[in-house]
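Reviewing the structure listed below.
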Protein chains: 2
Amino acid sequence: MHRHRTPARRATSADVARLAGVSRTTVSFVLNDTPSQSISAGTRRRVLDAARELSYAPSAEARALGRGRSTSVLLYLPPAGSLTEDIGVIVERLSVLFSEVGLSMVIHAWTRRPAAQVWSSVTPAAVLAWDLAEDDAERMRRSGVRGVVSWTGSDDMGRWITGLRERDIARVQVQRLVAAGHTHLGYAITGGEHMHGVSQWRFEVLQRECAARGLPRPSALPLPADPRGAADVLLQWRERHPGASGVCAHDTTAALAVLCGMRRLGWKAPADLAIVGVNDSPAAALADPPLTMVALDPEVTARHIVAVINALVRDEPAPSPPDTAGAFTVDRESV
Amino acid sequence: MHRHRTPARRATSADVARLAGVSRTTVSFVLNDTPSQSISAGTRRRVLDAARELSYAPSAEARALGRGRSTSVLLYLPPAGSLTEDIGVIVERLSVLFSEVGLSMVIHAWTRRPAAQVWSSVTPAAVLAWDLAEDDAERMRRSGVRGVVSWTGSDDMGRWITGLRERDIARVQVQRLVAAGHTHLGYAITGGEHMHGVSQWRFEVLQRECAARGLPRPSALPLPADPRGAADVLLQWRERHPGASGVCAHDTTAALAVLCGMRRLGWKAPADLAIVGVNDSPAAALADPPLTMVALDPEVTARHIVAVINALVRDEPAPSPPDTAGAFTVDRESV
DNA sequence: CCATCAAGCTAACACGCGTTAGTGTGCACT
DNA sequence: AGTGCACACTAACGCGTGTTAGCTTGATGG
């Protein structure tokens with residue numbers, strides 16, 4: 001290996017100790033505010049000055065090695081493409097919030113096998129996966145991973161997300177449509193394999209929400225993402241459900257697909273069909289007509305995820321989940 | 001959290017050594033294929049079997065501690081919100097490609113100060129930032145970070161991205177519009193602070209491209225992201241540039257904003273104004289009319305980034321950048 | 001028969017940190 | 001004067017690797 005002329009060596013706690021004229025142990029005590037130790041004011045100041053002078057920062061690796069657990073959280077991304085959806089915003093917030101509690105986030109794409117290589121060599125403090133088989137989760141725990149949590153799995157986190165979050169969305173969507181006088185609803189979704197995972201769950205929650213309000217059972221409306229196809233499907237759907245006057249879309253794309261099909265058929269929103277989408281985006285505001293959307297505050301979800309994982313890592317009792325996912329309506333003109 | 005009866009300790013190389021009946025050093029020699037050491041076939045097999053039996057994976061932290069540098073690449077995210085744009089797709093690919101060459105990607109949000117804490121405590125092998133002041137980059141190199149690269153900076157990577165990529169986009173956009181008979185062009189963009197960073201560069205490249213073809217100088221068209229505002233600005237812009245018949249939009253949102261303003265004014269695309277957007281998305285396909293878009297192959301950019309950083313980390317000569325960013329046109333009806 | 005050497009393996013160190021056990025003060029109380 | 005004790009600090013260990021120097025053994029050449 002080639003050595004640079006300036007050794008490019010980072011400052012260690014030994015350097016700080018040397019400069020401050022104390023032992024390395026004292027440096028550690030000062031910088032970590034070890035409660036069982038008392039340090040004289042003079043020494044404390046000298047150490048802090050030296051640390052600042054050398055712009056010292058402890059090595060995360062060495063710390064992890066000693067404590068037996070790292071400070072990195074491994075995030076397995078959902079299937080390709082989802083980072084550009086609302087998940088992307090949550091991930092951005094996660095990276096900030098994790099670093100605020102001293103954890104750093106390693107992201108890795110989801111492959112067929114949960115990449116034993118990755119999670120076992122990085123020794124993450126926790127793993128946050130999209131969906132996780134129970135035996136994989138168990139294997140991770142065996143290898144020393146403190147917190148294993150999945151978005152759509154059967155653990156607490158998964159239940160909160162697919163429970164409260166999805167229910168909040170469905171509730172606010174239905175509420176908004178009912179307020180406008182629509183009782184016979186549909187559930188619009190785009191994409192190849194319909195009704196799997198989140199979409200399946202959302203649809204069920206939607207049905208439950210309607211049942212609770214005494215409304216007729218909502219019907220599924222799986223749309224292709226091209227104008228002509230959307231129009232065809234929409235027309236057939238209307239014939240089969242003549243009373244339907246409102247649509248809950250799964251996301252922005254589904255809402256746009258409905259709108260697009262309607263335009264081709266000469267229908268007007270909300271007169272011929274009212275639409276409430278999910279996840280507000282610029283595209284929704286610029287649609288014709290501008291789309292009424294339901295959004296969840298990403299901050300609520302991000303904070304809860306970080307709180308749960310942080311508690312797991314520190315062996316503290318898990319915080320109780322928030323009782324709202326922060327759903328709110330962005331009223332425009334499609335309903 | 002529930003504690004298992006087995007302490008959930010991961011296997012170490014000492015465990016493998018014990019099971020194989022050899023020393024820890026031998027285990028290391030076998031597993032790393034140390035070229036200067038010869039190992040008998042029998043011992044090699046016993047070690048490998050033991051490693052498999054215990055599903056041993058070396059601790060990344062301990063390895064990093066010894067080698068003085070980790071295998072993690074620190075990615076500083078662009079300003080909030082960009083993960084949901086085309087950057088998100090590139091980031092997804094990066095996470096896969098990095099792991100294929102044995103690097104793992106740590107992502108962190110960009111804060112005001114480049115968070116000395118993060119990059120100095122994780123000891124990343126490389127840092128990939130959005131925009132980076134030269135003194136910050138220098139400080140990172142001083143601390144042992146091998147590769148410091150920024151998307152929009154003045155290093156090789158930045159020049160490739162803001163050079164070739166942006167030029168490819170501008171070239172294909174102009175080419176498409178010229179082919180349809182439009183010569184007097186505009187550059188549409190949304191968002192508060194216009195003409196900064198990438199948008200500024202794109203605009204300049206666009207001007208150069210038009211100049212090279214002998215076309216009149218394109219004019220900027222900064223739009224608000226709401227229907228009424230967009231219409232107003234569009235109308236004023238038309239009065240000031242009566243000959244303009246084609247618009248290069250900066251991204252999907254800008255293209256939708258133009259479309260939205262036109263709709264309010266009763267203009268038809270492409271008859272009254274032709275539009276070419278950037279970064280194909282479902283929203284573009286579902287617009288009215290469906291938008292013609294120019295897209296860059298994210299794979300080309302992701303591969304180049306990984307190749308450059310991998311070379312820097314291994315002290316190998318940097319690969320020459322690809323001479324195309326993989327630009328292609330998705331023809332629909334807006335031009 | 002002795003010297004040389006390669007093959008195959010192991011003891012021991014360094015990496016940077018947190019932490020436990022211990023050491024030497026100076027002061028208060030009996 | 002002797003005991004106890006809080007105070008301020010340090011030596012030394014362990015975490016799991018990669019790596020260097022050295023050690024044994026058997027074979028080979030003179």
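Bear in mind the structure is a predicted one, so any value in this text is a computation, not a measurement.
- By the side chain to side chain donor-acceptor pair (under 3.5 Å) test, A/Ser95 is found to be paired with no residue, residues two or more places apart in sequence or in another chain being considered.
- Residue pairs meeting the salt bridge (charged side-chain N to carboxylate O under 4.0 Å, His left out) criterion with at least one partner in residues 298-310 of chain A, sequence neighbours excluded, are A/Arg93-A/Glu299, A/Glu299-A/Arg303.
- B/Met140 CE to B/Leu132 CG: the interatomic distance, rounded to the nearest 0.5 Å, is 5.0 Å.
- When each of B/Ala62 and A/Arg63 is assigned the nucleotide of DNA chain C with its nearest heavy atom, B/Ala62 is the one assigned upstream, toward the 5' end.
- Within the 4.0 angstrom heavy-atom criterion, only backbone atoms of the sugar-phosphate kind lie near A/Thr12; the bases stay farther away.
- Chain A approaches DNA chain C over the interval C/dG16 to C/dT20, counting the first and last nucleotide 5' to 3' with an atom under 4.0 Å from its heavy atoms.
- Counting only N and O atoms by type, the side chains of A/Arg63 and A/Thr71 include no donor and acceptor under 3.5 Å apart.
- In this structure, A/His304 and A/Val300 have side chains that are not in contact, with every pair of non-hydrogen atoms separated by 4.5 Å or more.
- Contacts of B/Asp15 classified as side chain to side chain contact (heavy atoms under 4.5 Å, CB included), with partners at least two apart in sequence or in another chain: B/Arg9, B/Ala11, B/Thr12, B/Arg18, B/Leu54.
- Among residues two or more places apart in sequence or in another chain, the side chain to side chain contact (heavy atoms under 4.5 Å, CB included) test is passed with A/Ala307 by A/Pro319.
- Without hydrogens or angle criteria, B/Trp160 side chain to B/Thr301 main chain gives no donor-acceptor distance under 3.5 Å.
- With salt bridges taken as basic N to acidic carboxylate O contacts below 4.0 Å, none links B/Arg69 and A/Glu61.
- The residue among B/Ser23 and A/Ala14 whose nearest nucleotide of DNA chain C is located toward the 5' end is B/Ser23.
- Of the residues in residues 32-54 of chain B, those lying under 4.0 Å from DNA chain C by heavy-atom distance are B/Gln37, B/Ser38, B/Ile39, B/Ser40, B/Thr43.
- For the helix from C/dC1-D/dG30 to C/dT30-D/dA1, the angle separating the two terminal helix axes comes to 60°, with each axis derived from five pairs and the value rounded to 10°.
- Counting non-hydrogen atoms under 4.0 angstrom, B/Ser28 reaches a base of the nucleic acid.
- Among the heavy atoms of the strands lying under 4.0 Å from A/Gly66 is at least one base atom, whether or not backbone atoms are also near.
- Residues meeting the side chain to side chain donor-acceptor pair (under 3.5 Å) test with B/Asp33, sequence neighbours left out: B/Arg44.
- Of all nucleotides in DNA chain D, those with any atom nearer than 4.0 Å to a heavy atom of chain A start and finish, going 5' to 3', at D/dC7 to D/dG16.
- Taking A/Asp156 as the reference, A/Arg159 meet the salt bridge (Lys or Arg N to Asp or Glu O under 4.0 Å) condition, with sequence neighbours excluded.
- Within the 4.0 angstrom heavy-atom criterion, base atoms lie near B/Thr25.
- By the side chain to side chain donor-acceptor pair (under 3.5 Å) test, A/Arg67 pairs with no residue at all, sequence neighbours left out.
- Legend: residues meeting side chain to side chain donor-acceptor pair (under 3.5 Å) with A/Ser28, ordered by chain and number and at least two apart, are A/Asn32.
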